Amino acid sequence: MDLKDLYRDVILDHNKTPRHRGTLPPPARVAQGHNPLCGDQLTVYALMDGDILKEVRFEGSGCAISVASASLMTEAVKGKSQAEIAHLFKAIHDLLTRADAPIPASLGKLAALSGVREFPARVKCASLCWHTLNQALAGADAPITTE
Amino acid sequence: MSGLDGSTLAAAMGRLRSDFPVLQQNINGHPLVYLDNGASSQRPLAVIEAERHYASHLHSNVHRGVHSLSALATDAFEGARDNVRRFLNARSTREIIFTRGTTESINLVAQSYGRSRLGVGDEILITALEHHSNIVPWQMVCAATGATLKVAAINRRGELDLSSFKAALSAQTRLVATSHVSNALGSVLPVAEIVALAHAQGVPVLLDGAQAIPHLTIDVQALDCDFYAFSGHKLYGPDGIGVLYGRESLLEAMPPWQGGGDMILSVSFTGTTYNQLPYKFEAGTPHISGAIGLGVAIDYVSKIGLPAIAAWEQHLLEYATTQLSTIEGLTIIGTAADKASLVSFTVEGIHPHDLGTILDQSGIAIRTGHHCAMPVMQFFGLPATARASFAFYNTTDEIDQLVIAVQSAQRLFR
Ligand SMILES: Cc1ncc(COP(=O)(O)O)c(C=O)c1O
């Protein structure tokens, strides 16, 4: 296994310079994610305009995989409808967990995360932000964990 | 006990390492460099063979049968208990209780001693260095009894602040529970002072010896502690077995915490008479093969000699500290004057979990995370650290490989 499969340039870049890092004031929705294994904490802010995710931000510390995944996610979901985001979520889930899944072109830059599936211990690092975004979109308040 | 000194141990390294089958493997295409001994150490062949021999030739239940196998199993099990007694220099095997491990040993004291003696206004004193297993059982007892948990502070080097400890030790303190060696930072706590201070007020002391037992010579009479807890799997023995040493007079006065077979003398529906020590605290069929394996692990360690082990490990600690310090951006967390052989560290720009994955690709096993000591991490304002923890079978070569792997992680992340 090549470490460069996991730590591709796109990932390293988004880890070093995360996009959409920060907070959004109400009425943006907020959700917190927590990975008990790493102790990583992630907060996602989502501002809706009708069915469209108008603005998105994230905050928190974590490993390169979790920060890059959150950063890539914000780029991918901004301006999308809830149905489009749900579709992406499903595609990302397959990408991270199904070794044989073909990588759909619609994933764009998110495909850089495909190396994660070779490192089962790290899948949760990449998926935490997506679960947290889902929580924010659902408007639920309870913190979400990867356990 | 004939022991080697540190340098003859180093000379015998090839032979010693060949005692450990796990160390003979490749991981991810590289010879395993096992630097996660603080989490669990590896077992020598002698221990593996003893467990096998037991399962193949001796297995039966203990203390229960007149047949030969039961007698053989009981002899082996009780022989292991005497090994533990000698290893800790306890006065009597009545003071040696087999448990599942450190965690269960501490819970035993919390549930039996704590619940029966504590009430509103009473205090339990721990330190800011504790593993979760020496925090949560006390929180549970406090919730059940109305007692209060007090915490003695540490300084930036990760040493116990004795003045904070003295200030927290009050007329309401009913028990002091502290680690002997910190698993997150390696700090050795000043347990002699702690015991003296507590005893001056008539307060008993429990020592969590999980991290001390493989490195330090433990003499419970010299330490004068009241309880000492440790796990077999951190002492080159099996998992699922551990020990609680308890001062006989205290154990005698404590109620059982679990009920069942072995812990009784007679049972009727009108009442039950509890068994004598140590069986009063060993309800149900114990982990017989685990105890026997632990006894053999103790023989193995004793043959090498803890002084030699400690000398070599201190050498490894100094070497690792010096070598890791040459890496720019690397910060060692925990710089106590008195430290056991582990190094907790962070590397600027690389999260410990990324480091763990990268080192693993070179066959190097370290621990990354909060080390079940989240309050320690919070004190240093860190979510996690990387931790390399050494056993006597580790070498300076392996530390060189660790350094090289950290540097290549830095190149990858540049
Ligand atoms: C200081 C300390 N206390 C307690 C424990 C718990 O030991 P066990 O999980 O074997 O019960 C550990 C293990 O990591 C430890 O390092």
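Reminder, nothing fancy here: chain letters follow the sequence lines and each chain counts from 1. Please read these numbers as outputs of a predicted model, since none were measured by experiment.
By the neighbour-count criterion of 12 heavy atoms within 6.0 Å, atom NZ of A:Lys54 is sparsely surrounded, having that number or fewer from other residues, nucleotides or ligands. Within 6.0 Å of CD in B:Glu348 there are 12 or fewer heavy atoms belonging to other residues, nucleotides or ligands. Within 6.0 Å of the CZ atom in B:Arg100, the count of heavy atoms belonging to other residues, nucleotides or ligands does not exceed 12. Summarising the local packing, CD of B:Gln24 is surrounded by more than 12 heavy atoms from other residues, nucleotides or ligands at distances under 6.0 Å. Environment of CE in B:Met140: sparse, with no more than 12 heavy atoms of neighbouring residues, nucleotides or ligands closer than 6.0 Å.
Side-chain atoms of B:Asp360 and A:Phe119, non-hydrogen and from C-beta on, never get closer than 4.5 Å to each other. Counting heavy atoms from C-beta outward, B:Asp354 and A:Arg122 have side chains that approach closer than 4.5 Å.
Heavy atoms only, all atoms of each residue included: B:Arg414 and A:Lys16 are closest at C-NZ, 3.0 Å. Closest heavy-atom contact between A:Cys63 and B:His353: CB-CB, 4.1 Å. Between B:Leu412 and A:Leu12 the shortest heavy-atom distance is O-CD1, 3.2 Å.
Using a 4.5 Å cut-off between heavy atoms, A:Leu6 touches chain B through its side chain atoms alone.
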